[in-house]
Amino acid sequence: MKIFHEKSLIEINKEKEENGKLKKEVEELKSELELTQTALNVLLFGEEGGE
């Protein structure tokens with residue numbers, strides 16, 4: 001039973017690490033999207049922000 005418990009903790013830690021990586025990737029993609037939106041606003045409307 002203890003071996004199964006330790007394996008589960010290892011799997012949980014791997015999932016937490018993966019989630020952390022995914023959260024970082026999502027933040028990077030959000031930043032890229034904001035830059036793209038700003039660039040499109042400048043090209044289409046000649047203005048920044050557009051909010």
Side-chain angles (χ1 to χ4, degrees):
M1 188 75 172
K2 185 173 179 162
I3 292 172
F4 177 76
H5 179 68
E6 288 175 3
K7 183 177 179 186
S8 294
L9 291 177
I10 291 170
E11 290 175 359
I12 289 169
N13 286 335
K14 285 181 181 178
E15 288 176 1
K16 284 183 180 180
E17 183 179 332
E18 182 67 21
N19 285 342
K21 289 178 184 176
L22 290 173
K23 285 180 183 179
K24 182 178 179 183
E25 186 175 343
V26 166
E27 289 304 315
E28 290 173 1
L29 289 170
K30 282 182 182 179
S31 178
E32 287 180 26
L33 178 58
E34 289 174 6
L35 290 172
T36 301
Q37 288 175 323
T38 299
L40 283 172
N41 284 335
V42 169
L43 288 172
L44 294 174
F45 308 112
E47 61 185 44
E48 291 188 33
E51 293 179 4

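Along the sequence shown, residues carry numbers from 1. These figures come from a predicted structure and were not determined experimentally. For the numbers below, each heavy atom of this structure counts, side chains included, while hydrogens, waters and symmetry mates do not.
Cluster partners of Phe45 are Leu44, counting Ile, Leu, Val, Met, Phe, Trp and Tyr whose side-chain heavy atoms approach within less than 4.5 Å, directly or via other members.
In this structure, the side-chain contact (heavy atoms from CB on, under 4.5 Å) partners of Lys21, at least two apart in sequence or on a different chain, are Glu17, Glu18. By the side-chain contact (heavy atoms from CB on, under 4.5 Å) test, Glu15 pairs with no residue at all, sequence neighbours left out. Residues that satisfy the side-chain contact (heavy atoms from CB on, under 4.5 Å) test with Leu43, not counting sequence neighbours, are absent from this structure.
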Which donor-acceptor pairs under 3.5 Å do side chains of residues 26-37 form with protein atoms, sequence neighbours excluded?
from  : atom 1 : to    : atom 2 : distance (Å)
Thr36 : OG1    : Glu32 : O      : 2.9

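Enclosure of atom CD in Glu11 by more than 12 non-hydrogen atoms of other residues, nucleotides or ligands within 6.0 angstrom is indicated.
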